[in-house]
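Shown next, in structure tokens, is the structure this report addresses.
So you know, we letter chains A, B, ... as the sequences are listed, proteins then strands, and number each from 1.
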There are 2 protein chains.
Amino acid sequence: MTGQVRTVDGRVAGRRGQETRQKLLDCLREMLSTSPYRDVKVIDVARMAGTSPATFYQYFPDVEGAVLEIAEEMAEDSGGLKELVEGKSWAGKTGAATSEELVDGFLAFWRKNDAILRVVTLGAAEGDKRFFKIRMKVLNSVVAPLTEAVRTNQGKTDKTIDPAAVAGSLVSLLASAAEHQKAFTSWGVKVKDLKPNLALQVYMGVAGKKPPK
Amino acid sequence: MTGQVRTVDGRVAGRRGQETRQKLLDCLREMLSTSPYRDVKVIDVARMAGTSPATFYQYFPDVEGAVLEIAEEMAEDSGGLKELVEGKSWAGKTGAATSEELVDGFLAFWRKNDAILRVVTLGAAEGDKRFFKIRMKVLNSVVAPLTEAVRTNQGKTDKTIDPAAVAGSLVSLLASAAEHQKAFTSWGVKVKDLKPNLALQVYMGVAGKKPPK
DNA sequence: ACTTGTCCTGTCATGCCGTCAGCTTACCGT
DNA sequence: ACGGTAAGCTGACGGCATGACAGGACAAGT
């Protein structure tokens, strides 16, 4: 689908080249999770990868360019989130379970990619279209099927509600909670209690009523 | 309260000094709202303020230090958000109005300070305690009184609900929506419809039921 | 005019950025 | 085996930002 991998100056990358390229991406990933984004320097990434800064510039235009690469990879990976919603039942106790699994899966995904998602979120907030698009792809993998779920489940009972707004709000909430878990603990919400609370809100948002005991 | 303003090397700043200091902060504010955080350089801020980089370093240890200054100023300002919740009624139609005013006020505050809040949010997500503290101060000015409102209004009817979790979730949602309004429009939620939707969710979260027509 | 303390900037060493020419390495056809 | 070709890497360099310092400019009081 996406032609071959190419260097900045147009050469096609071979086996060895792709290896170092990948190593640079891995090291950048690591740097992002240990240093503030503002302080991530090309020279540090290169040093960690056991290569020279010039090599870095062979494969990426700059730090941001490499970050976009990582982000796109993650966005591909986010397709799996769809399965947390698609084809699931929202009726009664099964619905409550669906809700919990969604929260669990979403938070796990976010935690796994938190460093890169932080940068993507920042970029999107700053108005960068490339980051915005990537963020939407991740969120949409849940929002799209969830909107459908809202429409079929509670849209019938209440026509004043906009399914897209509800689904979008719920997913925004999940993302925010994932990114700032510590805020909740400082409000006295224990980590153990956070997930059930989120799951409850998701269930009520979709089903339009409290879950059965 | 906070002693006199001092330069990095310990001198007390006089009238003229405070003026240039303030000018530097203003220019930094402006830079933050027009350039990506990662690209904001001391030299650019100094140039915009019509002074030299050396002057900047007289008043601030680095860009981050100056950003913290702006952020703290904004956090002070956020105390006014309390009044959107404290002493308000959540009964019936008055409650719906309270909810709308809260959403309106919160979004307005966020929009007014969006550039600095972006950076604060990033810093908090990266685990920087100083930014985390500032972010909590802003959010708490709403979460604290809102938790109280939840406790007194719907805590009676349903004991399984954790008021702090509900209030925290609602405010997180508001913050997220404010920071990423564009995401909602791309989900087909018009700007005009966003506020009523958020207000509805706030009302239901606090009152535990749908608003009266 | 002189002193004192505030305020600003020229200058400099240091370090990162981003590019290039040129060297080394791997692959391939003969 | 051998040479050709393209891939792969790096040393070196000009350019720019950082951060520290010493010293000059300026205002206010004596």
Side-chain angles (χ1 to χ4, degrees), chain A residues 2-28 30-32 34-70 119 123, chain B residues 2-32 34-70 119 123 128:
Chain A
T2 78
Q4 304 141 301
V5 179
R6 285 185 174 272
T7 58
V8 168
D9 56 332
R11 284 201 321 280
V12 298
R15 201 205 85 246
R16 192 151 77 107
Q18 298 211 15
E19 270 175 25
T20 46
R21 201 183 117 102
Q22 192 56 49
K23 190 181 226 170
L24 284 167
L25 286 177
D26 292 342
C27 290
L28 173 54
E30 164 114 27
M31 290 297 290
L32 285 176
T34 54
S35 313
Y37 180 46
R38 199 165 196 284
D39 298 340
V40 171
K41 308 288 180 194
V42 168
I43 197 172
D44 296 323
V45 177
R47 222 175 338 237
M48 184 182 291
T51 176
S52 83
T55 302
F56 182 96
Y57 287 105
Q58 278 220 327
Y59 296 105
F60 311 103
D62 50 23
V63 171
E64 209 189 50
V67 164
L68 273 168
E69 197 83 6
I70 296 177
V119 180
Chain B
T2 79
Q4 302 142 302
V5 179
R6 284 184 174 272
T7 59
V8 168
D9 55 330
R11 277 199 334 276
V12 299
R15 199 203 88 246
R16 192 152 75 106
Q18 298 211 17
E19 269 176 26
T20 47
R21 200 183 118 102
Q22 193 56 48
K23 190 181 226 170
L24 284 168
L25 285 178
D26 292 343
C27 290
L28 174 54
R29 235 200 180 93
E30 163 116 26
M31 289 299 288
L32 285 175
T34 54
S35 314
Y37 180 45
R38 199 167 196 283
D39 298 340
V40 171
K41 307 287 180 198
V42 168
I43 196 171
D44 295 322
V45 177
R47 225 184 324 249
M48 183 183 290
T51 176
S52 82
T55 301
F56 182 96
Y57 287 106
Q58 277 218 326
Y59 296 105
F60 311 104
D62 49 24
V63 171
E64 208 188 50
V67 165
L68 273 167
E69 197 84 6
I70 296 177
V119 180
D128 187 305

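- Using a 4.0 Å cut-off between charged nitrogen and carboxylate oxygen, Glu19(B) and Arg15(B) count as a salt-bridge pair.
- Using a 4.0 Å cut-off between charged nitrogen and carboxylate oxygen, Glu69(B) and Arg21(B) count as a salt-bridge pair.
- Counting non-hydrogen atoms under 4.0 angstrom, Phe56(B) reaches nothing in the nucleic acid.
- Atom CG in Asp9(A) sits about 14 Å away from atom C1' in dG22(C), given to the nearest Å.
- The side chain of Ala54(B) lies closest to dA20(D) when the candidates are dA20(D), dA7(D), dG18(C).
- Taking atom OH of Tyr57(A) as the reference point, atom C1' of dG15(D) lies 13 Å away to the nearest angstrom.
- Regarding Gln22(B), its CD atom lies at a distance of 14 Å from the P atom of dC7(C), rounded to whole Å.
- Within the 4.0 angstrom heavy-atom criterion, no nucleotide atom of any strand lies near Thr7(B).
- No salt bridge links Arg38(A) with Glu64(B); every basic N to acidic carboxylate O contact stays at or beyond 4.0 Å.
- The nucleotide whose nearest atom lies closest to any side-chain atom of Tyr59(B) is, among dT10(D), dC8(C), dA20(D), dC8(C).
- Toward the 5' end of DNA chain D, the nearer of the two residues Thr20(A) and Val63(B), judged by each one's closest nucleotide, is Thr20(A).
- Listed candidates were dT10(D), dT18(D), dT9(C). Nearest to the side chain of Thr51(A) is dT10(D).
- Here Arg21(A) lies out of heavy-atom contact (under 4.0 Å) with every strand.
- For the pair Arg11(A) and Asp9(A), the salt-bridge criterion is met [side-chain N within less than 4.0 Å of a carboxylate O].
- A straight line from CD of Gln18(B) to C1' of dT6(C) spans 12 Å, rounded to a whole angstrom.
- One atom, CZ of Arg16(B), and another, P of dC7(C), lie 7 Å apart when rounded to the nearest Å.
- Using a 4.0 Å heavy-atom cutoff across all strands shown, Phe60(B) reaches no nucleic acid atom at all.
- What separates NZ of Lys41(B) from P of dC16(D) is a distance of 14 Å, to the nearest Å.
- Contact check on Asp44(B) versus Lys41(B) returns no salt bridge, with no Lys/Arg side-chain nitrogen under 4.0 Å from an Asp/Glu carboxylate oxygen.
- A close approach under 4.0 Å does occur between a side-chain nitrogen or oxygen of Arg15(A) and OP1 or OP2 of dC27(C).
- In this structure, the CD1 atom of Ile43(B) is 15 Å from the P atom of dG15(D), given to the nearest Å.
- Comparing dG18(C), dT18(D), dC8(C) by their nearest atom to the side chain of Thr55(B) picks out dC8(C).
- For the pair Asp39(B) CG and dA17(D) C1', the computed distance is 13 Å after rounding to whole Å.
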